[in-house]
Novice: 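Mind looking over this structure? Questions follow.
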Amino acid sequence: SVQKTDYSINTSSLLIAAFKVFQQELDTKHDKYERLVKLSRDITIESKRTIFLLHRVTSVPNVEEVLNEADVKLDAVRQKVGQIAEELRGEDLYQFHKAFTSGVQEYVEAVSFHHFIKHRTLISLEEINARLVFMRHEKMDTKVGAEVLWPGTCVLTFQVTHTDYLLGVADLTGELMRMCISSVGNGDMDTPFELSNFLREIHDGFSYIGNTGPYEVSKKLHTLRQSLSKVEDACYTLKVRGSEIPKHMLADVFSSRTALMDQDEGVP
Amino acid sequence: SVQKTDYSINTSSLLIAAFKVFQQELDTKHDKYERLVKLSRDITIESKRTIFLLHRVTSVPNVEEVLNEADVKLDAVRQKVGQIAEELRGEDLYQFHKAFTSGVQEYVEAVSFHHFIKHRTLISLEEINARLVFMRHEKMDTKVGAEVLWPGTCVLTFQVTHTDYLLGVADLTGELMRMCISSVGNGDMDTPFELSNFLREIHDGFSYIGNTGPYEVSKKLHTLRQSLSKVEDACYTLKVRGSEIPKHMLADVFSSRTALMDQDEGVP
Amino acid sequence: MSVTEMFSYIQGFLSADQDIREDIRKVVQVLEQTAREILTVLQSVHQPTGFKDIPSKCLKARELFCTVQAQIADLKTKFPVEQYYRFHEHWRFVLQRLTFLAAFVVYLESESLVTREEVTNILGTEVDREKGFHLDIEDYLAGILIMASELSRLAVNSVTAGDYGRPLRISNFINELDSGFRLLNLKNDPLRKRYDGLKYDVKKIEEVVYDLSIRGLAKEQEAEGDK
Amino acid sequence: MSVTEMFSYIQGFLSADQDIREDIRKVVQVLEQTAREILTVLQSVHQPTGFKDIPSKCLKARELFCTVQAQIADLKTKFPVEQYYRFHEHWRFVLQRLTFLAAFVVYLESESLVTREEVTNILGTEVDREKGFHLDIEDYLAGILIMASELSRLAVNSVTAGDYGRPLRISNFINELDSGFRLLNLKNDPLRKRYDGLKYDVKKIEEVVYDLSIRGLAKEQEAEGDK
Amino acid sequence: MSVTEMFSYIQGFLSADQDIREDIRKVVQVLEQTAREILTVLQSVHQPTGFKDIPSKCLKARELFCTVQAQIADLKTKFPVEQYYRFHEHWRFVLQRLTFLAAFVVYLESESLVTREEVTNILGTEVDREKGFHLDIEDYLAGILIMASELSRLAVNSVTAGDYGRPLRISNFINELDSGFRLLNLKNDPLRKRYDGLKYDVKKIEEVVYDLSIRGLAKEQEAEGDK
Amino acid sequence: MSVTEMFSYIQGFLSADQDIREDIRKVVQVLEQTAREILTVLQSVHQPTGFKDIPSKCLKARELFCTVQAQIADLKTKFPVEQYYRFHEHWRFVLQRLTFLAAFVVYLESESLVTREEVTNILGTEVDREKGFHLDIEDYLAGILIMASELSRLAVNSVTAGDYGRPLRISNFINELDSGFRLLNLKNDPLRKRYDGLKYDVKKIEEVVYDLSIRGLAKEQEAEGDK
Amino acid sequence: MSVTEMFSYIQGFLSADQDIREDIRKVVQVLEQTAREILTVLQSVHQPTGFKDIPSKCLKARELFCTVQAQIADLKTKFPVEQYYRFHEHWRFVLQRLTFLAAFVVYLESESLVTREEVTNILGTEVDREKGFHLDIEDYLAGILIMASELSRLAVNSVTAGDYGRPLRISNFINELDSGFRLLNLKNDPLRKRYDGLKYDVKKIEEVVYDLSIRGLAKEQEAEGDK
Amino acid sequence: MSVTEMFSYIQGFLSADQDIREDIRKVVQVLEQTAREILTVLQSVHQPTGFKDIPSKCLKARELFCTVQAQIADLKTKFPVEQYYRFHEHWRFVLQRLTFLAAFVVYLESESLVTREEVTNILGTEVDREKGFHLDIEDYLAGILIMASELSRLAVNSVTAGDYGRPLRISNFINELDSGFRLLNLKNDPLRKRYDGLKYDVKKIEEVVYDLSIRGLAKEQEAEGDK
Ligand SMILES: [Mn+2]
Ligand SMILES: [Mn+2]
């Protein structure tokens with residue numbers, strides 16, 4: 001067979017030399033992308049587990065304990081976010097955004113759920129970002145993009161984007177809905193109304209933003225509306241059921257029920 | 001608010017004890033799944049890079065060198081497959097199949113491409129599996145599912161499924177098509193016809209299987225048919241172009257051309 | 001081996017695979033039929049008149065479970081024992097239904113949660129995966145969750161039938177179950193969705209208990225409910 | 001900060017973002033218009049008469065690139081310098097086209113491959129990402145591949161115009177380019193697809209060279225082609 | 001026969017087919033209009049005032065079914081009798097709606113389940129498939145399931161209208177229906193999906209009965225409902 | 001006219017068209033912003049405290065509708081009046097939303113159905129298609145259906161807020177609306193799909209009324225609601 | 001006006017609209033038939049024997065265009081003139097086909113590009129949008145692009161038929177067309193997609209010219225083609 | 001008849017239906033297997049060596065068609081003859097494939113278009129719909145179109161195999177087929193889509209003929225192909 005002379009062996013070629021540089025540049029980028037994807041998956045899993053843990057607050061007496069345990073878990077997640085920040089040192093965050101956006105959204109969901117349970121307010125983007133500041137000891141020379149505090153130490157930050165924040169909060173509403181239904185199931189008469197108001201505020205916020213936000217947000221609006229309607233229905237049920245008995249009698253009813261169940265406790 | 005008595009603190013509960021076991025079982029499974037996904041991604045990337053490397057054979061004089069380099073890369077990939085086998089020790093392969101199927105398919109694609117270039121035949125499933133046997137030194141006690149050869153050492157095997165093999169071979173055809181076009185571009189008059197026959201055999205094989213195979217295979221048939229038609233077109237062009245000059249003159253034409261290009265070589 | 005031989009070999013494998021699946025499908029269809037029969041037996045407990053002879057209905061269901069055991073024994077012969085998960089999708093659904101039915105029978109008999117071991121005894125599967133045809137943990141959990149939803153219905157209908165003690169006992173049971181599930185880290189999968197449904201069952205039962213409480217109907221049967 | 005305030009704040013951010021994108025879109029539209037004009041100038045080299053005054057066409061294109069530089073300078077002012085990849089999609093396509101045009105001009109002038117540095121000079125972008133508005137490496141490569149396809153067309157048309165030396169020189173050039181690309185590990189992305197197209201360009205040019213060879217038409221201009 | 005002749009002949013065939021479909025579509029549109037009118041008549045039973053004169057509404061609906069019969073008679077003339085399934089999709093939907101309406105009328109009149117024979121009498125179709133334009137069994141079942149969902153609504157509204165006996169009777173009826181459907185081995189098709197909806201209707205009606213029970217509103221009519 | 005001249009002329013035409021679309025898009029964006037502001041005002045009626053000052057919220061919404069009128073007046077100037085349907089897609093969505101909002105305001109004020117004429121007055125569009133920028137009848141109907149779903153939410157929340165009379169009135173209103181829609185012969189289009197959603201709203205509201213009835217909470221206001 | 005009256009009125013409106021659409025659909029079907037007939041006449045120019053009597057084929061096509069004119073005249077009567085864009089989708093496709101056919105006839109007759117005015121004359125539509133049933137400019141352009149692809153086929157087949165001069169003339173024509181289109185700023189719409197196909201036509205024709213050149217077959221007719 | 005009896009009866013009916021479908025599926029699977037075997041035989045004509053013994057391949061295919069006839073005879077026994085369209089979807093696909101194979105054999109043997117009657121003879125189906133298991137006309141057309149695309153592949157590969165006369169004959173054949181299809185008024189259905197593919201086949205084959213013409217390879221056989 002007739003084979004053409006090869007050009008790639010012409011190692012002196014400027015063109016080939018240039019492409020060898022390109023090869024390295026591309027491989028480096030892809031490798032970084034892969035590492036970020038893996039970090040993102042880890043963050044997703046741990047955040048989800050934190051959310052599961054937090055749902056226990058509706059059934060345990062010691063809420064603080066759960067919150068602390070969750071905070072420890074979240075600290076571990078933040079360490080992973082720190083690793084992302086490390087990877088992004090001196091890079092353009094948006095260049096690799098697709099690799100870790102889903103993990104970050106899940107973290108926002110977890111941390112805002114934690115915050116809501118503790119403070120009954122919506123965590124702000126600033127508050128989230130304030131906890132994503134990492135101290136690093138530099139073994140080698142200081143790199144670009146990291147602020148030098150004193151020799152050998154620097155501060156790394158990670159900035160959650162507005163869109164990731166919004167998407168995380170949109171998912172939060174699903175967890176709030178679950179918490180609301182659980183509260184009703186546990187005989188809690190106040191939390192559902194509180195959650196309903198909070199969820200309604202978030203819903204109104206999202207409908208104020210409407211379709212000016214990113215496409216992914218609009219996609220989640222339907223689920224959000226369903227969650228709200230489930231919560232409103234739950235509050236409605238509490239109200240109509242409660243309407244059958246004068247308000248001042250409720251306390252009696254419940255104290256007797258609690259007593260009733262204390263007796264039952266030994267039964268598996 | 002009225003809060004119900006909690007049952008989860010009732011640590012003596014048999015039910016809760018059972019669910020603690022379930023929690024561990026599920027977490028262990030999910031963690032394993034995640035590790036397998038990561039291994040699969042690594043395998044995919046390295047296999048793809050091997051394929052890129054192998055495509056250089058159409059332009060370099062020393063094919064052996066490229067093949068050896070590719071084999072070294074494939075060895076690294078096999079190590080990763082070994083790690084999968086390690087994870088699957090004593091497990092049901094199919095339980096975690098979704099986690100690593102794409103990586104394994106890509107490995108099949110790479111290794112069968114390597115095999116075709118070397119032997120001009122289709123690698124068999126047995127040949128593939130024969131190279132996925134791993135020796136392991138056991139630090140701890142011997143586990144189930146691994147055959148014990150002598151104390152401290154055992155053999156681990158990984159079995160590529162028939163479906164993954166088929167899907168990998170289906171993807172191989174795309175690479176064969178690329179190789180065919182490259183060969184024509186490099187003035188190689190024989191490889192295209194060889195590739196066209198081989199590809200036609202694979203095509204006929206797939207159409208013999210038809211829709212009795214898994215759904216994913218049927219999906220790839222269209223691409224396969226397109227590849228075949230590109231290769232057939234290339235051979236057709238070689239033939240009609242070649243028809244304008246008597247066969248015995250071809251050698252002259254090409255030897256003069258090669259000479260011509262040798263002179264040019266210094267020009268970038 | 002030539003390309004043609006290779007594809008013939010693979011085609012042989014694929015045919016065999018399809019035959020296995022066909023065989024499995026047939027047994028599973030029969031199993032589904034038996035499951036529907038057990039369901040029909042147990043459904044009648046929701047009728048006002050059904051509350052009286054729960055024990056006899058349980059016995060009848062137990063008998064049908066012998067048929068199930070035979071059918072599952074048949075199913076086991078249809079495929080290589082170590083390839084359970086290769087064909088899992090085929091029987092996943094029916095095993096969940098059967099687990100639900102077993103759990104429901106056990107609950108009706110003893111008001112306790114069936115263990116995974118008990119279910120495997122009732123259905124005639126293995127306990128350990130290594131031993132062969134077993135019950136996947138997620139399928140077991142799914143079956144339990146189906147039962148939870150049946151129990152919320154039972155709570156409602158037991159009030160209609162005039163049994164005011166049962167709802168409170170169901171409430172205690174289901175609350176403990178809920179606590180158990182809270183310990184699990186579920187993925188975003190069908191099981192998670194089903195578990196979300198459990199919250200509604202808990203809520204529904206809570207409402208029934210509330211209705212009984214404000215009318216003072218729960219108290220009289222308290223002693224009885226303690227059993 | 002209340003929920004309402006939070007959403008107002010976010011809404012403010014989103015509006016600002018939209019405004020930026022609107023601004024970028026407008027400049028990019030103007031850039032695309034200029035790119036089409038340069039293309040029209042360069043397209044005429046494919047005409048039988050066009051081969052004579054390639055240099056004058058290149059000069060004219062060079063002038064238009066000054067306009068491009070001004071427009072890119074304008075584009076740079078529309079968004080924060082460190083957020084290049086946030087808005088990348090907006091100008092990705094036009095930058096690839098402009099790279100192609102720059103590479104084509106340089107090839108026509110000197111029959112050599114434009115370097116990434118040269119393109120950044122011609123377009124008025126930065127070389128280093130850190131310095132600001134730069135040319136993404138994949139966009140540079142995409143532009144080069146568009147040119148390769150244009151060169152295969154040029155090889156065909158140069159034969160029509162009676163220039164039998166050019167195809168062989170193009171063939172050498174494009175083969176070296178192909179060797180370069182073989183070194184890269186591309187993902188399954190648009191660039192990979194485009195690179196697959198390069199194989200067809202190489203094949204096409206090879207066919208032209210073959211046609212010339214068997215007719216002995218390549219030889220006479222060999223000396224000329226060596227320049 | 002030349003190719004042209006053959007294709008001309010085929011075109012004649014295709015035109016005839018399209019004409020038939022056009023004719024069918026027109027009659028089906030008219031049928032849908034009549035179905036909507038019957039629905040409007042029957043919908044008013046859900047109004048608080050509607051419970052009083054159910055008989056007169058049924059009479060009115062019966063009259064409209066005469067129109068339906070005429071329209072179906074017309075439909076039968078539009079296509080060859082043995083090609084029922086060739087055009088089935090065109091009237092499938094409206095026949096299901098009409099079956100629902102017929103079943104609803106019969107239930108309101110006699111609180112019993114309409115048989116397939118009765119539906120064919122009311123609509124003017126054939127009983128046996130062999131005899132011609134008949135009611136497909138799956139369409140009959142679909143119509144019955146639509147009615148089940150309408151009955152759960154009726155149970156709710158009858159309480160609003162102060163009729164506390166009806167829900168219990170509906171509950172019994174629907175339970176029997178549910179047992180009936182459990183005898184069927186449905187495939188994974190639209191009918192199966194619709195049947196899955198039935199359990200929600202069953203549950204809804206049970207909750208209505210529960211609400212009446214816990215308030216002691218069901219007792220007086222229980223004996224009556226037991227029949 | 002040379003080809004170049006002709007295409008230059010055509011480009012002029014296309015540019016003009018694109019400019020029109022750009023202008024329309026901008027005004028529509030502003031309209032959407034206003035619509036969202038009205039929505040925010042009206043949505044607050046769902047809050048427990050919101051039921052007290054519905055009138056003041058309506059007033060505020062009415063003020064914002066003046067802004068809408070100005071913006072629609074602006075929109076009218078952006079394109080030739082007879083090309084309404086050429087650009088219909090641009091404003092179709094926002095007009096449906098605005099119709100919903102107008103219908104909701106009118107319902108909150110007077111508990112009656114807004115007519116198409118009233119909507120055109122509130123929005124400042126023409127009544128007759130011939131007169132220019134009008135409200136397409138299908139868009140009017142779509143807006144009405146969006147309101148129906150908002151009313152079912154209002155029925156639920158009004159109970160939560162302790163207003164037990166409103167649900168019954170909403171129920172009557174929505175039933176009348178349903179009868180109206182049943183007169184229409186809708187094609188299989190988006191409107192038909194939306195209309196299918198109406199029956200869920202009807203059912204939902206009926207269940208609210210049921211919950212009030214069985215607890216004797218609806219009685220005091222029943223007489224009133226009957227009118 | 002009561003709700004019922006209002007909806008009856010609306011139904012009248014909807015019916016009228018559906019009738020119009022039905023009428024339009026029928027005429028369009030007939031138009032499509034005529035278009036297919038013209039196509040059959042013109043297709044024969046691709047046959048080796050077809051090159052001889054192009055003029056007679058054009059005459060025959062011209063006759064059929066008289067039928068088209070009558071059918072379009074009929075179409076115009078089916079809807080109010082100012083609602084052209086309301087029903088545009090119905091005839092958009094066939095008008096593009098007819099434009100292609102008109103452009104092809106004109107090219108075969110005079111080797112020149114048909115203007116929009118000429119097309120409107122041939123089809124019997126209005127030139128100005130204001131005057132009524134016109135040819136939308138984007139549909140005109142789409143028709144032209146369909147012809148371009150037909151011309152690349154003609155270039156190939158004219159070589160087969162032994163006419164070596166035509167490809168070069170087609171090449172010049174299509175290059176001019178391409179330059180023309182490059183003046184347009186097309187959106188990302190179907191037209192843009194079609195235009196992207198043009199460059200394949202250009203390339204294909206260039207390759208035909210190349211094949212003739214390298215074999216010295218183009219020379220004799222070159223002078224002629226240059227005009 | 002009680003509800004239970006009625007549903008038992010219905011279940012009997014449904015079972016029978018499912019059994020029929022199961023039977024049909026099995027025979028169809030076997031038919032598909034035979035079809036794939038015929039395909040394997042015929043596909044070998046594309047191999048360089050395959051052109052020599054087309055006749056022997058056709059004979060082998062003819063033999064396999066005897067098996068097809070037996071299998072179709074078996075299929076006919078599986079369901080009542082007048083319910084062809086009830087189960088049409090089950091065999092539609094395989095009948096189209098078999099029609100393609102029959103048409104391909106006939107073309108290879110005699111270079112003529114198989115008629116529907118011939119296909120029915122080869123497959124052993126009825127000619128008239130009234131007579132029973134027939135070949136639906138749209139399935140016949142679909143099979144023909146599959147063959148057209150196979151022929152364009154054959155044209156390419158016959159050149160590779162050194163047979164320069166065949167492409168021209170295929171070209172004439174396919175042009176005639178195209179004219180035939182243009183007589184049909186196809187709806188916007190799968191058949192229409194398939195037909196749109198035909199023009200690519202036509203073009204592809206024309207380009208093959210062109211390549212032969214320009215190299216003077218088609219001449220010797222031209223006279224023959226002209227007939
Ligand atoms: Mn979540
Ligand atoms: Mn690949």
Side-chain angles (χ1 to χ4, degrees), chain A residues 2 4-10 13-27 29-31 33 90-98 121-127 144-145 161-163 165-166 169 197-214 217, chain D residues 1-18 79-89 112-117 128-130 132 134 136-138 140-141 144 171-187 189 191 202 206 209-210 213:
Chain A
V2 184
K4 245 193 193 170
T5 319
D6 174 46
Y7 293 90
S8 73
I9 51 160
N10 183 352
S13 158
L14 285 174
L15 189 149
I16 295 301
F19 270 78
K20 282 194 172 145
V21 174
F22 298 156
Q23 180 192 38
Q24 250 211 323
E25 203 172 325
L26 286 173
D27 286 356
K29 201 172 84 179
H30 295 170
D31 289 346
Y33 191 92
E91 299 284 356
D92 183 334
L93 177 146
Y94 288 99
Q95 189 174 9
F96 299 99
H97 190 226
K98 248 192 244 159
T121 59
L122 180 62
I123 196 170
S124 71
L125 181 52
E126 277 62 37
E127 287 170 285
V144 190
T161 68
H162 290 76
T163 304
Y165 171 74
L166 263 188
V169 171
N197 285 338
F198 183 61
L199 205 52
R200 204 180 283 122
E201 277 184 89
I202 294 183
H203 169 265
D204 291 357
F206 271 105
S207 61
Y208 174 67
I209 284 179
N211 57 356
T212 61
V217 173
Chain D
M1 187 150 58
S2 78
V3 172
T4 310
E5 281 165 0
M6 191 69 216
F7 275 93
S8 294
Y9 161 76
I10 300 262
Q11 167 64 19
F13 169 84
L14 292 173
S15 295
D17 186 81
Q18 279 199 341
F79 65 94
V81 68
E82 76 281 3
Q83 298 187 11
Y84 183 90
Y85 284 104
R86 178 156 162 214
F87 306 107
H88 189 192
E89 285 309 314
S112 66
L113 179 63
V114 74
T115 63
R116 190 148 56 128
E117 286 68 31
D128 294 329
R129 188 185 61 69
E130 289 82 13
H134 66 288
D136 186 77
I137 183 168
E138 303 194 13
Y140 164 73
L141 293 171
I144 298 299
S171 172
N172 291 340
F173 177 76
I174 221 101
N175 266 302
E176 196 177 358
L177 203 58
D178 187 38
S179 299
F181 270 99
R182 274 167 208 260
L183 291 175
L184 306 183
N185 293 312
L186 300 174
K187 286 183 301 180
D189 58 3
L191 191 57
V202 172
E206 164 70 16
V209 171
Y210 175 87
S213 299

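Naming convention: chains lettered A, B, ... in sequence-line order (proteins, then strands); numbering from 1 in each chain.
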Novice: Measure D:E82 against the heavy atoms of chain A and call it side chain, backbone, both or neither at under 4.5 Å.
Specialist: backbone
Novice: Nearest 0.5 Å please: distance from the CG atom of A:N211 over to the CG atom of D:L14.
Specialist: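 So the CG of A:N211 and the CG of D:L14 are separated by 11.0 Å.
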Novice: For A:I209, which atoms come within 4.5 Å of any heavy atom of chain D: side chain, backbone, both, or neither?
Specialist: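 Both backbone and side chain of A:I209 come within 4.5 Å of chain D.
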Novice: Taking the side chain as every heavy atom from C-beta outward, state whether D:I10 and A:Y208 have any atom pair closer than 4.5 Å.
Specialist: no
Novice: Report yes if the distance between the aromatic ring centroids of A:H162 and D:Y9 is under 6.0 Å, otherwise no.
Specialist: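 Yes, the ring of A:H162 comes within the 6.0 Å limit of the ring of D:Y9, centre to centre.
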Novice: What are the two closest non-hydrogen atoms of A:I16 and D:E176, and how far apart are they?
Specialist: CD1-O, 4.2 Å
Novice: Please find out if less than 6.0 Å separates the ring center of A:Y94 from that of D:Y84.
Specialist: no
Novice: Should the pair A:F22 and D:Y140 be assigned to parallel (<30°), tilted (30 to 60°) or perpendicular (>60°) ring geometry?
Specialist: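 Answer is perpendicular, since the angle exceeds 60°.
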Novice: Check salt bridge (charged side-chain N to carboxylate O under 4.0 Å, His left out) between D:E138 and all other residues, then give those that pass, not counting sequence neighbours.
Specialist: A:K29
Novice: Applying salt bridge (charged side-chain N to carboxylate O under 4.0 Å, His left out), name anything that partners D:D178, two or more places apart in sequence or on another chain.
Specialist: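 Testing D:D178 for salt bridge (charged side-chain N to carboxylate O under 4.0 Å, His left out), a comparison that skips the adjacent residues, returns D:R182.
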Novice: What part of A:T121 gets closer than 4.5 Å to chain D, counting heavy atoms only: side chain, backbone, both or neither?
Specialist: neither
Novice: Could you tell me if the side chain of A:H30 sits less than 4.5 Å from the side chain of D:N185, heavy atoms only?
Specialist: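 A side-chain contact under 4.5 Å is absent here.
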